Amino acid sequence: FLCSTSQLGGIVGVVGQTLSIPLPITGDFNRLLDLQESYDELAAERTQALRSAHPQETPTQIKTAVQSRIGPRPDQRSHFTYDDVIWSAIVTVVTASLLVIGRYALVQNVSTFLVAGFTAVMIFNVFALQTHDAWSIHAQDLLNGLSFQLPSELAGATPLATALATFGIIGVGAAELVAYPYWCLEKGYARATGPRDDSAAWAARARGWLRVLRWDAWCSMVIYTFATLAFYLTGAAVLHRAGRSPSDDQLMHTLVEMFQPVFGPWAAWIFLFGAFAVLYSTFFVATAGNARIAADAVRVFRLGAKNDASLRFWVRLWCGLLPFISLGVFVWQKNPVTLVLISGLAQAVMLPMLGGAALYFRYHRCDPRLRPGKLWDALLWLSFAALIVTGAWGLATNAAKVSALLISRQ
């Protein structure tokens, strides 16, 4: 829970950075981006020159030699910026206010419209790229991607690690799996089923709501799979061919380039608008979910929330506090990548636990009349095995990355 709060600190920070690019207040964040871009160009020139003069040197040795000559790359430690902090604070105040007064439905409807519109633009972008010879996706590209082989290691990135990390992130992560039952309860799922009894009518109502849940899950899977494919194909077609890799403060600045071939000068505005919609809706909804989890924890640990009225008070209290805690984490750490990695570490540990909880409910808490068939059981065990592999790999890789980042910051 604490690590997911730190992730929200990273998200609200990126929202602030996103707003700082088109709407600067002091202009210091954009100046940092310009400094980093100039540094990267100079570093690329020096790297190429050293590689030609000393072909026997390893990439690490060349990188060390370049940094010794031109110094470290400008970042938030050497050039602290205020634009992203100010915008993040504004977003935090607005979010806390909306959550406390209960305007969730308004934000949900607006966010759904904005995210759906941005996804439609991304899908259009994929098809429009086919009209550009330099960026079009060919059948051979897709066949190579679907073949049972991994590409060679490139720029220190291990393809297998990237694939497993992607599997653990895309779609629904551990934090969303924890929050989903709260959403179902507040939306009224199964409310009309009534208390469990031995009647055939109750079993029929329960099976009906299970069908609703299955439709919910299948439709969600189809939507996020095709949306993810659109993002992936665009990134592979544009960023990979251009040799660009989004990271750290340059995240938004680099991702904008995915829209340049189709939308030209409008690319930055379209992407930043869509990125704000996606990121802010994530921050808003995840904070609302965490507030309910925290209030529930207060009740489980017998610290309060003994009745429904008291529980609602604790939910509002956490809705007001958590956004500011997330903001404080971002201002303290000032590195969204590190914050997301820390959350990824915790979610990697949580995934096998959630799979084990699902198996426990299946075999110990499931009404005999609602038990799934053998195929569903087999798929459940297969999912549990995949969660163990993904969780173990994510724990190992994210722990190493977090340790390296914290050591470098010290």
Side-chain angles (χ1 to χ4, degrees), residues 1-9 11-12 92-108 172-199 201-203 205-206 208-210 212-213 216 281-329 343 346-347 349-367 369-370:
F1 176 80
L2 294 175
C3 291
S4 66
T5 302
S6 76
Q7 181 188 33
L8 293 179
I11 290 176
V12 75
T92 298
V93 172
V94 172
T95 301
S97 302
L98 289 173
L99 287 172
V100 169
I101 64 178
R103 297 295 183 183
Y104 180 86
L106 173 64
V107 175
Q108 175 185 263
V172 181
E176 288 84 359
L177 289 173
V178 173
Y180 180 61
Y182 292 93
W183 184 87
C184 290
L185 289 173
E186 293 205 12
K187 283 294 180 181
Y189 280 32
R191 186 177 298 163
T193 305
R196 185 170 64 176
D197 56 40
D198 297 329
S199 66
W202 181 90
R205 292 195 300 271
W209 276 106
L210 284 176
V212 172
L213 284 170
D216 192 5
S281 63
T282 301
F283 178 65
F284 188 94
V285 174
T287 302
N290 280 354
R292 283 149 178 80
I293 295 170
D296 207 11
V298 170
R299 179 168 56 180
V300 169
F301 295 132
R302 299 181 180 179
L303 300 175
K306 296 181 180 180
N307 52 53
D308 290 343
S310 178
L311 182 64
R312 287 192 294 271
F313 165 79
W314 279 98
V315 169
R316 286 196 175 90
L317 179 64
W318 285 115
C319 282
L321 289 177
L322 287 177
F324 290 96
I325 294 174
S326 300
L327 175 65
V329 171
S343 177
Q347 293 201 48
V349 177
M350 281 295 296
L351 282 173
M353 295 182 184
L354 294 173
L359 289 172
Y360 171 80
F361 277 107
R362 161 63 185 89
Y363 290 101
H364 295 281
R365 300 292 296 274
C366 185
D367 189 292
R369 296 168 292 176
L370 306 178

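The basis for the numbers below is simple: all heavy atoms, side chains too, and nothing from hydrogens, waters or symmetry mates. Note that the structure is predicted; figures quoted are calculated from it, not measured.
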Practice prompt. Supply the atom-to-atom distance Y360 OH to L354 CG, rounded to the nearest 0.5 angstrom.
Written response: 15.5 Å

Worksheet item: Any chance CG of D198 has more than 12 other-residue heavy atoms, nucleotides or ligands included, within less than 6.0 Å?
Response: no

Fill in: Distance-minimising heavy-atom pair for L322 and A291
CD1-N, 3.6 Å

Worksheet item: Do other residues, nucleotides or ligands put more than 12 heavy atoms under 6.0 Å from R205 CZ?
Response: yes

Practice prompt. Please report the closest heavy-atom contact between A295 and W318, naming both atoms and the distance.
Written response: N-CD1, 3.7 Å

Worksheet entry | Nearest-0.5 Å distance that lies between atom CG in L8 and atom OG1 in T282 | 9.0 Å

Worksheet item: Would a 4.5 Å heavy-atom cut-off, applied to side chains only, mark L311 and N307 as touching?
Response: no

Worksheet item: CG/L210 to OG1/T193 distance, rounded to the nearest 0.5 angstrom?
Response: 8.5 Å

Worksheet entry | From CA spacing to verdict: side chain to side chain contact (heavy atoms under 4.5 Å, CB included), L213, Y180 | CA-CA 11 Å; L213 284 170; Y180 180 61; 3.6 Å; yes

Item to complete: Answer yes or no: are there more than 12 heavy-atom neighbours, outside R196 itself, under 6.0 Å from its atom CZ?
Response: no

Discussion item. If you compare all heavy atoms of F324 against all heavy atoms of A96, which two are closest, and at what distance to 0.1 Å?
Written reply: CE1-CB, 3.7 Å

Item to complete: Taking R292 for its side chain and A288 for its backbone only, find out whether a donor-acceptor pair lies under 3.5 Å.
Response: yes

Item to complete: With rounding to the nearest 0.5 Å, note down the distance linking OG1 in T287 to CG in L98.
Response: 11.5 Å

Response to the item:
When every non-hydrogen atom of L99 is compared with those of C319, the smallest separation belongs to CB-CB, 3.7 Å

Worksheet item: Does the side chain of Y182 pick up a donor-acceptor pair with the side chain of N290 at under 3.5 Å?
Response: no

Discussion item. Please report the interatomic distance CD1(I11) to CZ(F283), rounded to the nearest 0.5 Å.
Written reply: 8.5 Å

Practice prompt. Sort out for me which residue in V94, V93, V100 forms a side-chain contact (heavy atoms from CB on, under 4.5 Å) with S97.
Written response: V93

Worksheet item: Can you say whether the rings of W183 and Y189 are parallel (under 30°), tilted (30 to 60°) or perpendicular (over 60°)?
Response: perpendicular

Discussion item. Give me the atom names and distance for the closest heavy-atom approach of K187 to R191.
Written reply: C-NH2, 4.5 Å

Worksheet item: Would you say F301 has more than 12 foreign heavy atoms packed within less than 6.0 Å of its CZ?
Response: no

Worksheet item: Any idea which heavy atoms bring S310 and G304 closest together, and the distance?
Response: OG-C, 4.5 Å

Worksheet item: When you measure from the side chain of S4 to the backbone N and O of F1, does any donor-acceptor pair fall under 3.5 Å?
Response: yes

